[in-house]
Amino acid sequence: MEVEIDEDAVKAAGAEPLTDGRRGLRIRGWEIESRKLRILNSHELLQWEKKLQTSHFPEMIFGNSCLILRHEATGTVINFNAFDALTGWKQEALPPVEVPAAAKWKFRSKPFQEVILEYDYTFTTPYGGSETIDTEKMSKDNTLDGACCLKWEDTEERIDLVGLAAKEPILFYDEVVLYEDELADNGISLLTVKVRVMPSGWFLLLRFWLRVDGVLMRLRDTRMHGIFADLSFPVVLRENCWREATFDLLAAKGYPVDAAGDPSSISQRLPIIMHTTQKLKLCARQ
């Protein structure tokens, strides 16, 4: 998605681009930065194997890429990165999705090798972002202390998607790929995060998209909305929506199954299996 940024709108909103070669924006007490770097090299991958206690990884891990949103007054930091996402994958440890017998040969690394898919090779993750308080970078006049932490609490409030669809200048936009795997030519496993910043606030979509050809489609979306307000603590809502369906179920409902389907076009056809809305809260550390 190509987005043309109006520099006059950026100035009118009181925003300023980040310096020192960084990609992002500073606006209304928030610093929003995206980093898009190379995939992990072999040395870095070995380090990740030790930390995560596994030798199974997606084909392409952009381990140094991330999206960071920092509320400067409180030191609140929300970030999205591949390591934490794969930590979530390891902890959830879903059973492997069964693939057609005729397709299993594609997973072999050697001829005549027996294929045993004993782990979640789809790298499905429950990850919805990482949050922390950076006490070193919070404002000097802040009253928070090291005994505080962040947590997400369920709320009846909802992200105003209708309001977000209203015409408003986009001051910054970017998309960061965190990891990707083509499942040995059996489909796609992809984790990305997109962010856009407007004069009223910022909005992002963290999306895990899985398609195992002929078997399953799975979509796990995390939407997050930060509202610019002159409050002592940032207003941030998070909506998690998980959807999935087998190819057989979609075919039984009469939906045409496009093997190269775009998740945005097929998402409404996938049944919801989990939906929550949460609000970021400040609490005392236990």
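Everything quoted here is computed from the prediction, not taken from an experiment.
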Indicate, with yes or no, if [Y] and [X] share a hydrophobic cluster defined by side-chain heavy-atom contacts under 4.5 Å among Ile, Leu, Val, Met, Phe, Trp and Tyr.
X: Leu216; Y: Tyr121; result: yes
X: Phe83; Y: Tyr119; result: yes
X: Leu40; Y: Leu191; result: yes
X: Val193; Y: Val77; result: no
X: Leu164; Y: Leu67; result: no

| request: Would you please test Lys151 and Glu153 for side chain to side chain contact (heavy atoms under 4.5 Å, CB included) and show each step? | output: CA-CA 6 Å; Lys151 67 179 293 188; Glu153 292 186 352; 3.9 Å; yes
| task | Please name the residue in the list Arg22, Lys36, Arg35 that meets the salt bridge (Lys or Arg N to Asp or Glu O under 4.0 Å) test with Asp174. | result |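 Going through Arg22, Lys36, Arg35 one by one, the salt bridge (Lys or Arg N to Asp or Glu O under 4.0 Å) with Asp174 is satisfied by Lys36 alone.
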| request: Test Leu150 against Thr132 for side chain to side chain contact (heavy atoms under 4.5 Å, CB included), laying out the working first. | output: CA-CA 6 Å; Leu150 300 170; Thr132 187; 5.5 Å; no
| said: Is it the case that atom NZ in Lys11 sees more than 12 heavy atoms from other parts of the structure closer than 6.0 Å? | reply: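 No, not enclosed.
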Between the main-chain N or O of [Y] and the side-chain N or O of [X], is there a donor-acceptor pair closer than 3.5 Å?
X: Gln91; Y: Gly88; result: no
X: Arg243; Y: Ser267; result: yes
X: Thr125; Y: Ala85; result: yes
X: Asp181; Y: Glu59; result: yes
X: Gln53; Y: Lys50; result: yes

| query | What pairs with Phe123 under ring pair (Phe, Tyr, Trp, His ring centres under 6.0 Å), at least two apart in sequence or on another chain? | reply |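 Here the qualifying residues are Trp89.
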When rounded to the nearest 0.5 angstrom, what distance separates [atom1] in [X] from [atom2] in [Y]?
X: Arg223; Y: Lys194; atom1: CZ; atom2: NZ; value: 10.0 Å
X: Met60; Y: Glu180; atom1: CE; atom2: CD; value: 3.5 Å
X: Arg211; Y: Asn186; atom1: CZ; atom2: CG; value: 10.0 Å
X: Ile32; Y: Arg196; atom1: CD1; atom2: CZ; value: 12.5 Å
X: Asp20; Y: Leu18; atom1: CG; atom2: CG; value: 9.0 Å
X: Arg218; Y: Glu244; atom1: CZ; atom2: CD; value: 4.5 Å

| message | Is it true that Ser264 and Arg207 share a donor-acceptor pair across their side chains at a distance under 3.5 Å? | response |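 Yes, side-chain donor-acceptor contact under 3.5 Å.
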Grab the two heavy atoms, one from [X] and one from [Y], that are nearest each other, plus how far apart they are.
X: Ile227; Y: His225; result: CG1-CE1, 3.7 Å
X: Leu25; Y: Val197; result: CD2-CG1, 4.1 Å
X: Ile159; Y: Phe203; result: CG2-CE1, 4.1 Å
X: Met198; Y: Phe228; result: O-CE1, 3.3 Å
X: Lys253; Y: Pro271; result: NZ-CG, 4.3 Å
X: Arg28; Y: Pro199; result: NH1-O, 4.3 Å

Any side-chain heavy-atom pair of [X] and [Y] under 4.5 Å:
X: Asp8; Y: Pro169; answer: no
X: Phe172; Y: Arg23; answer: yes
X: Val236; Y: Trp202; answer: yes
X: Ile266; Y: Tyr255; answer: no
X: Leu190; Y: Val177; answer: yes
X: Phe62; Y: Val176; answer: no
X: Leu206; Y: Met224; answer: no
X: Trp209; Y: Met217; answer: yes

| task | Start with the C-alpha gap between Asn81 and Ile68, add the side-chain angles, then the distance that decides, and say whether side chain to side chain contact (heavy atoms under 4.5 Å, CB included) holds. | result | CA-CA 9 Å; Asn81 64 86; Ile68 306 170; over 6 Å; no
| request: Show the numbers, then the answer: is there a side chain to side chain contact (heavy atoms under 4.5 Å, CB included) between Thr87 and Lys90? | output: CA-CA 5 Å; Thr87 298; Lys90 183 88 184 315; 5.7 Å; no
Please set out all donor-acceptor pairs under 3.5 angstrom arising from side-chain atoms of residues 272-279, sequence neighbours excluded.
| from | atom 1 | to | atom 2 | distance (Å) |
| --- | --- | --- | --- | --- |
| Thr276 | OG1 | Asn240 | ND2 | 3.3 |
| Thr277 | OG1 | Arg158 | NH1 | 3.4 |
| Gln278 | OE1 | Arg238 | NE | 3.1 |
| Gln278 | OE1 | Arg238 | NH2 | 2.8 |
| Gln278 | OE1 | Asn240 | ND2 | 3.4 |
| Lys279 | NZ | Glu157 | OE2 | 2.8 |

